[in-house]
Amino acid sequence: MSGPAPAATVAPPPAPAPRRRGRRAPSYAYVAPPATRRAQRRLGIVFVLPLVAMVAVFLLLPMASAVYYVFVDFNGINPQPPFVGLANITEVFGDPEVYDALWNNVIWIVIGTLAPLLLGLGLALLLTQVRRGSVFYRTVFFVPFVLPQVAVGVVWGWIYAPSRGWLNNVLEAVGLDAFTTGWLGNPDTALYAVLATAVWSQVGFVFVIFLSALRNVDVDLVDAARLDGANGGQRLRHVVLPQIMPVLLMVFTITLLGGFSVFDIIFVMTGGGPAGATEVLGTYAYSSAFQLNRISYGTTLALLITVMAIPFAVWLNRLQRRTSLEGGAT
């Protein structure tokens with residue numbers, strides 16, 4: 001009887017070949033030949049050149065021209081205005097009318113930013129579940145936003161008229177004669193009357209944006225919060241608002257920056273009066289440049305508006321980007 005067969009020996013795996021230094025592993029990704037890459041670069045330059053030219057002509061050159069006028073005294077006629085250095089900037093910081101106009105801008109920024117946001121968000125929350133007639137409501141509220149600001153200012157000027165305006169007529173009809181006044185001629189009410197007109201024209205835009213954002217909110221999270229006992233305010237604060245925060249910041253940025261550059265609605269309705277009660281930096285820059293022929297001083301005021309608005313724009317842009325990334329990560 002023969003003994004057990006010897007176990008088969010298993011050959012060890014071959015040792016990997018030594019890898020030479022300085023050589024990369026073979027890559028099978030497609031690499032365009034050099035001639036194709038050069039053609040792509042040239043094509044990209046061709047496509048970018050028109051945009052670069054537009055930016056240079058309509059942004060960089062006007063900005064450079066504005067900076068030049070800050071340091072000269074140009075009256076709109078003299079082809080070689082004298083160099084005055086920092087005189088225009090010094091005059092801006094010593095001009096009391098600038099501070100009055102700036103204070104009106106601050107009022108406009110605060111009320112003109114918060115009021116459309118709150119009213120637009122409130123309307124969107126009320127109508128977010130409405131399906132029948134939704135297009136009608138959106139159209140009605142959005143129409144004031146697409147109307148020309150000149151037309152809005154003229155119509156609301158008729159509404160605020162002291163004798164023929166229907167606002168005073170309605171107040172008299174309901175027995176509130178004590179509240180009737182010349183809304184645009186009274187320094188105490190002129191700014192807020194114009195501001196109310198601007199808010200009325202902006203609410204529709206905010207409403208439509210928020211309505212679209214609310215319809216993308218996760219309903220399951222809202223229902224879960226309701227089952228956990230959260231009331232309407234808690235659901236809005238902890239569930240709804242975090243989901244629409246990027247949209248909220250976008251609308252906040254637009255309305256906030258609009259408060260710095262407001263001009264057209266005030267110019268049409270009051271022209272900055274009465275007695276400077278509605279004067280903002282935009283209207284003061286216009287009157288200085290084109291009514292008093294102080295082009296350099298008006299340009300300095302315009303650049304002041306830009307310098308004040310840029311930090312807010314940069315901060316809000318970064319905040320919105322960070323919020324969007326955090327929302328996408330979750």
Nearest-0.5 Å distance that lies between atom [atom1] in [X] and atom [atom2] in [Y]:
X      : Y      : atom1 : atom2 : result
His238 : Leu221 : NE2   : CG    : 14.0 Å
Asn88  : Leu304 : CG    : CG    : 12.5 Å
Asp264 : Phe267 : CG    : CZ    : 10.5 Å
Ile254 : Leu249 : CD1   : CG    : 11.5 Å
Leu195 : Met269 : CG    : CE    : 10.5 Å
Leu236 : Leu214 : CG    : CG    : 8.5 Å

With a 3.5 Å distance limit and no angle check, can you tell me whether [X] reaches the backbone of [Y] through a side-chain donor-acceptor pair?
X      : Y      : answer
Asn104 : Glu279 : yes
Ser288 : Ala285 : no
Asn317 : Gln320 : no
Asp218 : Asp220 : yes
Asn168 : Pro162 : yes
Arg235 : Ala230 : yes

From the list Tyr160, Phe179, Trp183, side chain to side chain contact (heavy atoms under 4.5 Å, CB included) partner of Thr189 resolves to Trp183
Among Val174, Leu176, Val170, Asn169, the one residue meeting side chain to side chain contact (heavy atoms under 4.5 Å, CB included) with Glu172: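 It is Asn169; the other options fail the test.
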For residues [X] and [Y], report the shortest heavy-atom separation together with the two atoms involved.
X      : Y      : value
Gly185 : Pro187 : O-CD, 3.5 Å
Leu191 : Ala277 : CB-O, 3.8 Å
Gly273 : Ala190 : O-CB, 4.4 Å
Met245 : Thr323 : CG-CG2, 3.5 Å
Pro274 : Leu184 : CD-O, 3.4 Å

Contact check, side chains of [X] and [Y], non-hydrogen atoms, under 4.5 Å:
X      : Y      : result
Trp158 : Arg164 : no
Val98  : Phe93  : no
Val46  : Arg42  : no
Met250 : Ile209 : yes
Arg138 : Val140 : no
Ile310 : Thr306 : yes
Phe207 : Leu127 : yes
Asn75  : Asn78  : yes

Under a single-linkage definition using a 4.5 Å side-chain heavy-atom cutoff for Ile, Leu, Val, Met, Phe, Trp and Tyr, are [X] and [Y] assigned to the same hydrophobic cluster?
X      : Y      : answer
Leu303 : Tyr99  : yes
Leu147 : Phe263 : no
Val146 : Val206 : yes
Leu60  : Val52  : no
Val48  : Ile45  : no

Fill in: Validation row, ring centre Phe205 to ring centre Phe141 under 6.0 Å
no
Is the distance between the ring centroids of Trp200 and Trp156 under 6.0 Å?
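So the answer is yes for these two rings.
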Going by the rule side-chain hydrogen bond (donor to acceptor under 3.5 Å, both in side chains), which residues pair with Thr278 if we only count those two or more places apart in sequence or in a different chain?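 So Thr278 forms a side-chain hydrogen bond (donor to acceptor under 3.5 Å, both in side chains) with Thr270.
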Those residues at least two apart in sequence (or on a different chain) that pass side-chain contact (heavy atoms from CB on, under 4.5 Å) with Trp315 are Leu319
Can you sort out the partners of Ala289 under side-chain contact (heavy atoms from CB on, under 4.5 Å), two or more places apart, ordered by chain and number?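 In terms of side-chain contact (heavy atoms from CB on, under 4.5 Å), with neighbours along the sequence ignored, Ala289 is linked to Ile295.
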- Task: Decide yes or no on side chain to side chain contact (heavy atoms under 4.5 Å, CB included) for Arg294 and Glu91, but give the supporting numbers first.
- Result: CA-CA 12 Å; Arg294 303 191 62 193; Glu91 184 178 356; 2.8 Å; yes
Just do the side chain to side chain contact (heavy atoms under 4.5 Å, CB included) check on Phe145 and Val203 with the steps written out, would you? CA-CA 8 Å; Phe145 177 74; Val203 166; over 6 Å; no
query: Do the rings of Phe290 and Tyr286 sit parallel, tilted or perpendicular, given the 30° and 60° boundaries?
result: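 Tilted, since the angle between the ring planes falls between 30° and 60°.
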So does [X] have more than 12 non-hydrogen atoms from other groups sitting under 6.0 Å from [atom1]?
X      : atom1 : value
Tyr192 : OH    : no
Phe83  : CZ    : yes
Tyr137 : OH    : no
Arg215 : CZ    : yes

Sorted by chain and residue number, the ring-ring contact (aromatic ring centres under 6.0 Å, His included) partners of Tyr297 (sequence neighbours excluded) come out as none
Let me see the working for Asp223 and Arg226 under side chain to side chain contact (heavy atoms under 4.5 Å, CB included), right down to the final yes or no. CA-CA 5 Å; Asp223 293 338; Arg226 183 184 293 107; 2.7 Å; yes
Exercise answer: donor-acceptor pairs, residues 105-123 side-chain atoms, under 3.5 Å, sequence neighbours excluded:
from, atom 1, to, atom 2, distance (Å)
Asn105, OD1, Leu281, N, 2.8
Asn105, ND2, Gly259, O, 2.9
Thr113, OG1, Ile109, O, 2.5

If you look only at distance, which donor and acceptor atoms sit under 3.5 Å apart when one is on a side chain in residues 63-74 and the other is two or more places apart or in another chain?
none

(request) Using distance alone, with no hydrogens and no angle criterion, decide if Ser287 and Gln291 have a side-chain donor and acceptor under 3.5 Å apart. (result) no
Asp95/Tyr284 under side chain to side chain contact (heavy atoms under 4.5 Å, CB included): CA gap, chis, key distance, verdict
CA-CA 11 Å; Asp95 189 352; Tyr284 188 44; 2.5 Å; yes
